[in-house]
Every structure is written in structure tokens, then in C-alpha cells.
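First up is the structure itself, then whatever we jot down about it.
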Amino acid sequence: MRKCFFLILMVFVTLQTWAKDDVTLRASAPDVVVSGDQFRLTYTVNTQDVKDFLAPQAKGFEVLMGPSRSQQSSTQIINGKVSSSRSITYTYILMAGAEGTYNIPAASIEVDGEKIFSNSLSIKVLPKDKEDNGGNGQSGTSPSRNQAASGKINASDLFILATASKTKVHEQEAILVTYKAYTTVDLRELLGKMSDQQGFFIQEVELPEQKSFSLEHYKGRNYNTVVYRQYVLFPQKTGRMEIPAVTFDAVVAQRVAVSDDPFDVFFNGGGYVQVQKKIVAPKIVINVDPLPAKPSGFSGGVGSFKINSSISTTELKANDAVTIKLTISGTGNMKLVGAPEVKFPADFEIYDPKIVDNFELTSNGLSGTKTIEYLAIPRHPGQFKIPAVEFKYFDIQSKTYKTLTTESYNLNVAKGSGSEPSQQVVSNYTNKENVKVLGTDILFIKTGSSDLSVKGKFFYGTTAYYLWYIIPLLLFVIFVIIYRKKAIENANVARVKTKKANKVAAKRMKLAGKLLVEKKVNEFYDEVLKALWGYISDKLSIPVSKLSKDNIESELSNYGVDDEQIKAFIDALNECEFARYAPGNQSEAMDKVYSASIDVISKMENSIKH
């Protein structure tokens with residue numbers, strides 16, 4: 001009995017200790033207020049067994065009322081589990097004094113003989129509106145109250161500022177462009193976005209859908225402000241570049257004069273009407289300096305990066321695979337960074353690298369990692385060395401090129417089961433030549449009997465003789481039937497274009513291949529884009545002038561093409577557009593675009609259902 005009582009007592013003490021550890025005292029108040037405004041300062045403790053609440057002195061604020069004490073209790077039953085909570089809230093009504101930033105120290109309360117302290121607060125006090133601002137003669141403390149009933153919304157009541165984190169940058173250096181709305185009226189909705197800009201690679205920053213306004217003092221007035229759009233831009237050209245003005249459509253709730261009749265108030269939307277207004281955010285001028293003379297092997301990276309490498313094994317047999325993984329981490333134009341070159345020994349079979357991007361958009365660019373895996377297969381035994389990999393990039397902080405180097409690897413390749421030197425089929429995978437067959441200079445002597453014709457036997461009257469007449473006649477009939485069917489099909493122009501889409505695209509890609517060999521960069525990318533857009537235009541029977549990346553996705557989905565294949569086609573278009581202006585090795589970029597375009601057209605031909 002004593003043991004049970006002692007056990008219950010220990011459990012009770014433990015629960016009391018946990019409850020004590022979970023007791024918190026939380027202070028809350030607005031971060032920004034206007035001089036002369038009244039606001040609430042609350043302290044909430046999550047228990048009711050308290051005493052000796054001590055509030056700090058709020059310097060810079062006048063206490064109009066408080067503390068008023070209120071208690072709250074609640075019980076919840078979720079999936080059969082009962083939970084309850086109790087709390088006490090102490091509320092003060094304060095009035096902001098002079099302009100400045102003020103700190104309110106922590107309050108304290110005693111719970112079971114132990115003092116619990118709250119968090120401290122920092123509150124910024126803004127000055128009142130200037131009475132002569134905008135000629136409206138108002139100095140109200142709340143921005144939303146400064147709009148007179150049924151008054152006109154002018155440029156000082158609602159506007160958008162466009163700002164850039166930098167206006168003088170290097171090529172490929174990230175720029176954060178922010179569109180921030182300032183309003184003294186009841187802004188309900190704002191629509192608009194930056195369009196694609198030539199000469200910039202643009203990424204939009206994901207902002208919360210639920211916008212949160214904050215107070216800000218700007219040119220003598222207090223405004224409710226919200227960051228509406230943010231973009232990270234990577235300039236692809238040098239010189240003076242402009243980000244054009246952007247037009248936004250705003251919807252404002254405006255009070256109108258109504259009678260005292262409650263029905264009149266109801267049918268007039270509670271005394272408010274929605275007013276639409278267009279707002280133009282100003283243009284931004286960016287001066288882009290070219291990168292210094294690019295060193296040999298420049299990766300195209302601009303920012304701040306690190307590189308690490310690893311190898312799957314250094315002990316293997318001939319015809320077994322070895323994998324080298326490079327991980328590039330940092331912040332900058334990660335999407336445009338080229339894969340470094342790994343110099344494998346000459347008789348290794350090398351496969352195209354697998355690239356995995358894992359980065360997110362930040363104000364300084366794309367931040368995260370780019371992982372490149374290189375797969376190679378040694379075909380002969382021996383001792384081999386894979387030299388260190390160099391990664392060269394332009395460092396934004398020091399404004400200089402930096403070279404990062406990985407470690408080198410020594411491979412010990414043992415003899416494998418399929419590496420006998422007597423094999424006659426030799427393949428050189430390093431220069432991608434066709435397979436050569438050796439040892440066939442002496443052919444075998446043909447043996448066996450040969451068919452001989454009897455002398456004097458004539459062709460006339462034989463079966464073959466009659467077939468010479470019958471077969472052409474049959475071929476003529478078949479030709480007429482096929483030709484008639486073709487003529488009927490050719491009458492449908494759209495169907496003909498759809499059937500010949502692949503052939504037309506193949507001809508264009510063949511011409512692009514010639515331009516690739518001749519190193520004609522602009523003409524090459526133009527021809528590849530014509531092949532991609534022309535193919536999808538003919539295949540979907542939609543004029544090129546009415547095509548866009550958005551309606552391509554919806555149309556291809558209607559034809560039964562899966563999302564992965566649609567994404568591959570859109571990526572091929574984007575990669576062709578980006579590679580045209582991307583720095584680095586143009587030959588390598590052109591090869592990659594050419595291969596990707598041929599592959600996506602081939603897969604698309606098999607995916608579209610008629």
C-alpha cells in the first residue's frame with residue numbers, strides 16, 4: 001500500500017513539474033504605431049494559478065487604461081482524447097508619444113513560488129501625417145481614414161514603388177527587384193506582374209498569398225504598405241538596360257453617402273463601392289558591367305560557390321562501372337552553371353553526366369546545390385589516375401575569378417571476365433567512332449553446287465513469262481487505289497500538316513546540324529526554335545502566332561501527352577532561349593540543345609494521340 005501511495009505521489013509531483021516547465025508569459029503589441037495612436041499591450045499566461053503580476057514601465061507611451069484582467073478556459077475532445085487549457089490575460093491601453101523606437105522590458109509573474117518572465121517588445125513610433133501633404137488638410141493617424149468619403153483617389157493615396165537591390169552590377173549577377181504598394185485607402189485587390197524581359201533571366205520570388213500590411217512613414221505621410229511582387233533577375237547582356245514600367249490593376253473599397261434607411265444601406269453594399277484604378281510602377285535602369293576576360297574553362301558561374309567530390313570505388317574490375325559525384329553548392333546563377341569536365345583515361349567508356357538541381361530562390365540568387373554524377377567503365381585492367389577537377393567562377397565579393405580544385409583519384413582496375421585481349425571487335429568510345437571489325441581481309445571460298453540452266457530452254461510460255469504481265473497490272477491497280485486515297489487525304493490541309501509535322505521538323509533539325517558544324521550560333525538557335533515551334537504548330541493545327549507556352553501545356557494535355565513529356569518540351573524551348581545568351585562554351589551548349597531538341601521531338605511524336 002505504501003509503495004502504491006509513493007508511486008502516485010511521484011507521478012503527481014512529476015506532472016506538477018511538467019506543468020510548471022510549460023508555463024509561459026507572452027507579451028504582444030503592434031510592431032509599428034503612429035504618434036497619438038492608441039493600441040493594446042497584452043500579457044497572457046497559460047495558467048490561472050498565478051499571483052504578483054508586475055508590469056514594466058513603458059517609457060515613451062502613456063497608459064490610458066489597465067491592467068484589466070480576463071480569464072479564458074476551453075476543453076477539446078479530439079479522437080477520444082480530452083485536453084483542456086486555462087489562461088489569464090492582462091490588457092493595457094497605451095497611447096504612443098513622440099517619434100522613435102522604444103523598448104518595453106519583460107514583465108514577471110509568480111507561479112508556485114517561481115518567477116516567470118515574458119518576452120520584451122520593441123515598438124517603432126512614426127510621426128503624424130503632415131497637414132499640408134497633398135493639399136488635403138488632413139492629419140489623421142490611421143492611413144485608411146485619410147480618404148474622404150466618395151473622394152477621388154489620387155496618386156499620393158495609392159501608388160507602387162519599384163526598387164532594385166543593385167543598379168550597378170556585373171553580367172549574370174543577381175538583382176532583387178521589389179514592387180511595394182503604398183496606400184491610405186482600403187485596398188482590396190491588386191493584380192499585375194512583370195512580363196518576360198529581353199536580356200534578363202527572370203525568377204519570381206514566392207510570396208505568401210495572404211498579404212500582411214505594415215505601417216511606414218514616407219514623404220510626410222503614413223501608409224499601409226505591402227510587398228506585392230519580388231523578382232530575381234540575372235542580366236544576360238552588358239551596358240545600360242531598362243526594366244520597363246509595370247501596370248497593376250487595383251480594386252479599392254470606397255465609402256459612399258447613403259441614407260439612414262437600413263434597406264438602402266443593405267442594397268448599397270453597406271455604404272461601400274468597389275473602385276478600379278490602374279497604377280503604373282516606374283521603370284528601373286540597371287547598368288551592367290561585362291565580366292573581366294574569361295579564363296579558359298570558365299564554368300559560367302557568378303556568385304559564391306564551393307565544390308566537393310566523391311568516388312564510388314577505387315578498386316574495381318574491367319567492365320565494371322565507377323561513379324564520380326561532384327557537388328557544387330553556393331549562391332548565384334546556379335541554373336546557368338556548366339558542368340565541370342572530368343578527364344577520364346582514354347580507354348574508358350564515358351556516359352553523359354546526370355545532373356540534379358536542388359536550390360531555392362533567395363534575394364542574392366539561386367541558393368542550394370547542383371549535383372553532377374559521371375559514370376565511366378574501364379575496358380582494360382591497369383593502374384589509372386583521374387586528375388583533379390577544376391571549377392572556375394566569378395566571385396561577386398572580391399570581383400575576381402576563383403578556381404576551386406577537387407582531389408584526384410588513383411584507380412586499380414583488375415582483370416575482368418570479359419577482358420580477353422583476343423577479342424576481334426574493338427570500340428573506341430572516347431571519340432565516338434563507329435565499331436570496327438578486324439581480321440576480315442581473307443574471305444572463305446564458297447562451296448557446294450550452283451544452279452545451271454539447260455541450253456535451249458526458252459523463257460516464252462513459262463510461269464515467269466505470264467507473271468511479267470500480271471504483276472505490273474496488279475501494281476497499277478494498287479497504285480490507283482493508293483493514289484486516290486492520298487488525294488482524298490491531301491484535300492484536308494490540316495491533316496496533311498499534322499502527318500508531315502515530323503518530316504518538316506526533321507528537315508529543319510538537319511539544317512540546324514549544318515549550322516552547328518559551321519559554328520553559326522544565332523542562325524543555329526533560330527533554326528532550332530523554328531523546328532520546335534513549327535512542329536508543335538503543325539501537330540496541334542494551331543498557327544504559330546497563337547501559340548504560347550501556357551496554351552501548349554493545355555493543348556498537349558488534351559492530346560493525351562503526360563505531364564513529364566510536356567515539361568520536357570517546355571524545358572527544351574527554355575534551354576534553347578537561355579543557351580543563346582548564356583556565357584561559357586557555346587559549342588558545348590549548342591550540342592546539348594541540338595541533342596535535347598531531337599530527343600523531345602522524337603518522344604513527342606510517339607506520345608501525341610490522334
Please tell me if the side chains of F391 and I328 come closer than 4.5 Å, counting only heavy atoms from C-beta onward.
-> yes

Measure the spacing between CD1 of I123 and CG of D31 and express it to the nearest 0.5 Å.
-> 8.0 Å

Could you walk me through whether T371 and E373 pass the side-chain hydrogen bond (donor to acceptor under 3.5 Å, both in side chains) check?
-> CA-CA 7 Å; T371 304; E373 291 187 9; over 6 Å; no

Could you grab the distance from atom CG of N222 to atom CD of E216, nearest 0.5 Å is fine?
-> 9.5 Å

Look at atom NZ of K354 and say whether more than 12 heavy atoms of other residues, nucleotides or ligands are closer to it than 6.0 Å.
-> no

Run the salt-bridge test on D357 and K335 with the 4.0 Å N-O cut-off and return the result as yes or no.
-> no

Side chains of Y223 and T183: closer than 4.5 Å at any heavy-atom pair?
-> no

What distance separates I307 CD1 from L404 CG, expressed to the nearest 0.5 Å?
-> 6.5 Å

Between CD on residue E360 and CD on residue Q203, distance to nearest 0.5 Å = 12.5 Å

Heavy-atom closest contact (T369 atom, S329 atom, distance) = CG2-CB, 3.8 Å

Take V205 and V232, measure what side-chain contact (heavy atoms from CB on, under 4.5 Å) needs, and give me the verdict at the end.
-> CA-CA 7 Å; V205 179; V232 176; 3.9 Å; yes

Looking only at atom types and distance, does a side-chain atom of Q197 sit under 3.5 Å from a main-chain N or O of S195, one as donor and one as acceptor?
-> yes

Taking every non-hydrogen atom, the tightest pair across P244 and E242 | CD-O, 3.5 Å

Are the side chain of T225 and the backbone N or O of S214 linked by a donor-acceptor pair below 3.5 Å?
-> yes

Mark yes or no for whether S367, through its side chain, and T331, through its backbone, hold a donor-acceptor pair below 3.5 Å.
-> no

Any chance you could measure T163, atom OG1, to I284, atom CD1, to the nearest 0.5 Å?
-> 6.5 Å

Close side-chain approach of I279 and L158, heavy atoms under 4.5 Å = yes

Can you tell me if E204 and Q230 form a side-chain donor-acceptor pair at under 3.5 Å?
-> no

Main-chain N/O of G338 paired with S299 side-chain donor or acceptor, under 3.5 Å | no

Proximity of Y92 and F61 rings by center, below 6.0 Å | no

Would you confirm whether K211, through its side chain, and P208, through its main-chain N or O, come within 3.5 Å as a donor-acceptor pair?
-> yes

Distance, nearest 0.5 Å, that separates NE2 of H217 from NZ of K124 | 10.0 Å

Are the side chain of K399 and the backbone of I396 linked by a donor-acceptor contact shorter than 3.5 Å?
-> yes

Under the 3.5 angstrom rule, does the side chain of K392 hit a backbone N or O of S296 as a donor-acceptor pair?
-> yes

Here the pair of heavy atoms bringing A162 nearest to Y179 is CB-CE2, 3.5 Å

So, the side chain of R229 versus the backbone of G192: is there a donor-acceptor pair under 3.5 Å, distance only?
-> yes

Can you tell if the side chain of S28 reaches within under 4.5 Å of the side chain of T44, non-hydrogen atoms only?
-> no

L215 and N224 have their tightest heavy-atom pair at CD2-OD1, 3.6 Å

State whether the number of non-hydrogen atoms from other residues, nucleotides or ligands found under 6.0 Å of K166 atom NZ is greater than 12.
-> yes

Step-by-step salt bridge (Lys or Arg N to Asp or Glu O under 4.0 Å) determination, D157 to R221 | CA-CA 10 Å; D157 296 328; R221 293 187 72 181; 3.3 Å; yes

Carefully, step by step, assess I286 and I175 under the rule side-chain contact (heavy atoms from CB on, under 4.5 Å).
-> CA-CA 9 Å; I286 306 293; I175 308 165; 3.6 Å; yes

Take atom NZ of K193 as the centre, draw a 6.0 Å sphere, and report whether it contains more than 12 heavy atoms from other residues, nucleotides or ligands.
-> no

Hey, can you tell me if H170 and F394 have their rings parallel, tilted or perpendicular (30° and 60° cut-offs)?
-> tilted

side-chain contact (heavy atoms from CB on, under 4.5 Å) between L366 and L361: does it pass, once the steps are laid out?
-> CA-CA 5 Å; L366 294 168; L361 196 60; 3.4 Å; yes

Which is it for K128 and E99 under the salt bridge (Lys or Arg N to Asp or Glu O under 4.0 Å) test, yes or no, and what are the steps along the way?
-> CA-CA 9 Å; K128 294 183 179 181; E99 175 188 1; over 6 Å; no

Donor-acceptor pair, side chain of D395 and main chain of S398, under 3.5 angstrom = yes

Y393 ring center near F298 ring center (under 6.0 Å) | no

Would you sort out whether K168 and D289 count as a salt bridge (Lys or Arg N to Asp or Glu O under 4.0 Å), showing the intermediate values?
-> CA-CA 7 Å; K168 185 176 177 61; D289 294 333; 3.1 Å; yes

Any side-chain donor-acceptor pair under 3.5 Å between S156 and N154?
-> yes

How close do V251 and Q276 get, heavy atom to heavy atom, and via which atoms?
-> CG2-CG, 4.3 Å

Taking the side chain as C-beta and beyond, is there a heavy-atom pair between F200 and Q198 under 4.5 Å?
-> no

Whether over 12 other heavy atoms sit under 6.0 Å from K325 NZ | no

L233/F201 under side-chain contact (heavy atoms from CB on, under 4.5 Å): CA gap, chis, key distance, verdict | CA-CA 6 Å; L233 281 68; F201 173 56; over 6 Å; no

Report yes if some heavy atom in the side chain of I243 is under 4.5 Å from a heavy atom in the side chain of Y231; otherwise report no.
-> no

Do the ring planes of F159 and Y218 sit parallel (below 30°), tilted (30 to 60°) or perpendicular (above 60°)?
-> tilted

Should N119 and L121 count as side-chain neighbours, where that means a heavy-atom distance under 4.5 Å?
-> yes

Is the closest side-chain heavy-atom distance between E171 and K237 below 4.5 Å?
-> no

Tightest non-hydrogen contact, residues F234 and Q172, listed as CD2-O, 3.5 Å

Examine distances only and state if a side-chain atom of N287 and a backbone atom of V169 form a donor-acceptor pair shorter than 3.5 Å.
-> no

